[in-house]
Chemist: 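Here's a structure for you.
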There are 2 protein chains.
Amino acid sequence: MPDDTWKPPRILLTVDLVILTLRGGRLHLLLVRRGVEPFAGRAALPGGFLADERENILSAARRELREEAGLTDIPHLEQLGTYGDPDRDPRGRVVSVAHLAIVPRLPEPIAGTDAAAAEWTPVDDVLAARVPLAFDHLRIVVDGVERARSKLEHTGLATAFCPEVFTLTELQQVYEAVWGTPLDPRNFYRKVQGTKGFVVPAGPPRATGTGRPARVYRAGPCRNLYPPMIRTVPTVAAGGDER
Amino acid sequence: MPDDTWKPPRILLTVDLVILTLRGGRLHLLLVRRGVEPFAGRAALPGGFLADERENILSAARRELREEAGLTDIPHLEQLGTYGDPDRDPRGRVVSVAHLAIVPRLPEPIAGTDAAAAEWTPVDDVLAARVPLAFDHLRIVVDGVERARSKLEHTGLATAFCPEVFTLTELQQVYEAVWGTPLDPRNFYRKVQGTKGFVVPAGPPRATGTGRPARVYRAGPCRNLYPPMIRTVPTVAAGGDER
DNA sequence: TAGCTTTTTGTCGAGTCGACAAAAAGCTGT
DNA sequence: ACAGCTTTTTGTCGACTCGACAAAAAGCTA
């Protein structure tokens with residue numbers, strides 16, 4: 001029970017970003033190499049402190065996306081969760097609001113990046129702990145990837161990985177990469193077509209080099225898929241809900 | 001671009017609680033009446049500042065649950081989201097980590113409560129703005145209720161509303177109250193039985209007063225339901241993902 | 001024009017869902 | 001004791017969906 005002189009503690013707030021994309025059929029994550037202590041030299045999520053007393057949290061996430069990754073048009077950005085273990089940062093009480101961002105396949109690593117050492121890393125390498133991360137960032141990545149996997153089931157999130165106009169085969173590759181399961185193209189085709197509002201036709205078929213030219217689509221209006229896409233791999237028995 | 005003298009801003013961190021329960025077949029929410037400015041006299045979510053520099057966020061949520069609501073055994077407590085609009089609190093920059101708690105039907109309003117004016121309020125009254133809330137708490141309630149509705153579909157969350165041992169009819173009433181849709185008892189029965197690990201038998205049938213005595217169950221081991229429960233009301237077209 | 005690839009349209013059996021019927025099992029009055 | 005009421009539990013039926021697979025369509029290459 002606080003006495004009359006008690007003042008609430010003041011803490012430092014950061015935003016961290018789990019930025020996912022598809023490269024060569026595999027799910028990748030953007031990591032930066034830390035230049036300063038703590039964890040200097042270690043890979044970490046892009047992110048940083050609130051710029052000033054009045055900066056919005058979502059705006060801060062967008063700013064870091066721009067400054068640290070050179071990304072300005074983000075198809076999907078959502079809050080992931082807040083991580084505030086008192087010992088997560090040796091500098092003091094730093095609470096981080098983690099965000100999940102999805103971007104389509106980009107031309108090359110990163111454009112004019114502030115943190116010069118930003119690079120796309122296969123998510124598998126991070127999850128298998130072959131690439132050690134700073135702070136509690138591994139935990140954040142695990143949660144972010146699981147969020148993406150889950151949202152692919154009942155939202156149109158998969159389209160955020162695709163360019164504005166895409167083929168159903170490209171969309172299927174998103175599911176296969178994020179879920180790590182192969183899907184039957186014929187059933188996938190039928191399923192997506194049958195899910196009203198998931199995708200809408202966009203122009204005439206496009207030749208992809210070899211094989212029959214595919215019809216192209218763009219993201220449909222529906223945010224929530226009904227019926228949902230089905231991930232046969234039974235939702236990885238994840239354990240606790242508490243953080 | 002911060003210069004060398006730049007220091008990250010320090011902010012105040014609170015936890016707020018959306019505590020849901022079932023009372024008389026309707027979904028209720030615990031609200032306290034604020035005794036001090038700002039918003040003195042207005043209803044608000046239970047919550048408060050971090051107690052000290054080293055308090056865990058989840059621990060703070062549990063502490064507020066105990067202090068403000070007299071609740072100590074919480075079947076479900078999860079982080080909901082973080083709300084940090086710079087103008088949400090006139091006292092300054094206050095960022096709140098909202099949590100969602102589910103408790104079973106309790107004997108009476110609240111036991112030895114710190115905030116004496118805590119009371120259960122029908123969620124409908126809050127959502128319909130018949131009960132105005134302080135700060136951005138309406139928004140938090142909307143998000144919390146939507147989270148609960150959604151999680152009922154593909155997790156065993158419904159059992160958190162029930163006592164340790166319950167009948168399938170009681171479980172059905174949870175779905176009906178939270179979703180606001182009537183369900184067919186026969187199909188519900190078949191569905192729950194067919195969802196492995198959702199519930200497990202617990203002892204002999206129990207007479208409920210009138211009608212055939214019902215078998216009793218307790219919550220099963222599965223956290224993720226497969227196949228999921230189906231909410232025909234097509235997932236209320238909620239709109240944006242961004243906060 | 002034959003051969004190859006990829007996309008698109010079907011087919012079939014197993015399983016699930018929603019709407020409904022009917023049996024089972026207790027309690028309440030008379 | 002038993003008819004009448006309630007609620008739970010077990011079925012039934014047609015429509016629909018899913019996964020596995022076949023086959024046609026439509027381009028490119030040689």
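Here is the naming used below: chain letters follow the sequence lines, and residue numbers restart at 1 for every chain. Heavy atoms only: backbone and side chains are in, while hydrogens, waters and symmetry mates are out.
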Chemist: Is there a donor-acceptor pair under 3.5 Å between the side chain of A:Arg147 and the backbone N or O of A:Leu80?
Modeler: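 A pair under 3.5 Å: yes.
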Chemist: Tell me which of A:Pro228 and B:Val216 sits closer to the 5' end of DNA chain D, going by the nucleotide each one is nearest to.
Modeler: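 Going by which nucleotide is closer to the 5' end, it is B:Val216.
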Chemist: Does any N or O in the side chain of A:Arg215 come within less than 3.5 Å of the main-chain N or O of A:Pro201, such that one atom is a donor and the other an acceptor?
Modeler: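 No, because the side chain of A:Arg215 does not come within donor-acceptor range (under 3.5 Å) of the backbone of A:Pro201.
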Chemist: Does a side chain donor of either A:Tyr217 or A:Gln193 reach within less than 3.5 Å of an acceptor in the other side chain?
Modeler: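 Judged by distance alone, the side chains do pair up.
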Chemist: Students often get this wrong, so: under 4.0 angstrom with heavy atoms, is B:Thr167 touching a base, only sugar-phosphate, or nothing?
Modeler: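 B:Thr167: no heavy atom of the nucleic acid under 4.0 Å.
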Chemist: Identify, residue by residue, the members of residues 184-203 of chain B with a heavy atom below 4.0 Å from DNA chain C, and return them in order of residue number, or none.
Modeler: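 B:Asp184, B:Arg186, B:Asn187, B:Arg190, B:Lys191 - these, ordered by number, are the residues of the stretch whose heavy atoms sit under 4.0 Å from the strand.
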Chemist: Within the structure provided, determine whether A:Ile19 and A:Leu29 are in side-chain contact (heavy-atom separation under 4.5 Å).
Modeler: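 With C-beta onward as the side chain, the pair stays apart.
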Chemist: Does any donor atom in the side chain of B:Asp184 or B:Tyr189 lie under 3.5 Å from an acceptor atom in the other side chain?
Modeler: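 On atom types as modelled, these side chains do not qualify, holding no pair under 3.5 Å.
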Chemist: What is the distance from CD1 of A:Ile230 to P of C:dT16, rounded to the nearest Å?
Modeler: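 Rounded to whole Å, this separation is 11 Å.
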Chemist: Name the pairing partner of D:dC28, where a pair is Watson-Crick or G-U wobble with both distances under 3.5 Å, or state none.
Modeler: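 Its partner is C:dG3 (Watson-Crick or G-U wobble, both distances under 3.5 Å).
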Chemist: Roughly how many Å is it from CG in B:Leu171 to P in D:dT9, rounded to a whole number?
Modeler: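 It works out to 12 Å between those atoms.
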Chemist: Partner of D:dA23 by Watson-Crick or G-U wobble geometry, both contacts under 3.5 Å, or none?
Modeler: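 The answer is C:dT8, by the H-bond criterion.
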Chemist: Looking only at the side chains, is there a donor atom on one of B:Ser96 and B:Asp16 sitting less than 3.5 Å from an acceptor on the other?
Modeler: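 Yes, side-chain donor-acceptor contact under 3.5 Å.
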Chemist: What string of B, S and - do you get for nucleotides 25-30 of chain D 5' to 3' if you count protein non-hydrogen atoms under 4.0 Å?
Modeler: BBSS--
Chemist: Below 4.5 Å, heavy atoms only, C-beta onward: do B:Arg231 and B:Arg149 meet side chain to side chain?
Modeler: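 Result yes, sub-4.5 Å side-chain heavy-atom pair found.
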Chemist: Can you tell me the distance, in whole Å, between the CG atom of A:Leu183 and the P atom of C:dT7?
Modeler: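 Rounded to the whole Å, the gap is 14 Å.
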Chemist: Is the side chain of B:Thr159 donor-acceptor paired with the backbone N or O of B:Gly156 at a distance under 3.5 Å, no angle test?
Modeler: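 At least one qualifying donor-acceptor pair exists.
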Chemist: Are A:Phe188 and A:Tyr175 an aromatic pair by the rule of ring centers under 6.0 Å?
Modeler: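 So the answer is yes for these two rings.
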Chemist: Please determine, for the side chain of A:Arg215, which listed nucleotide (C:dT9, D:dG19, D:dT10) has the closest atom?
Modeler: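 For the A:Arg215 side chain, the nearest candidate turns out to be C:dT9.
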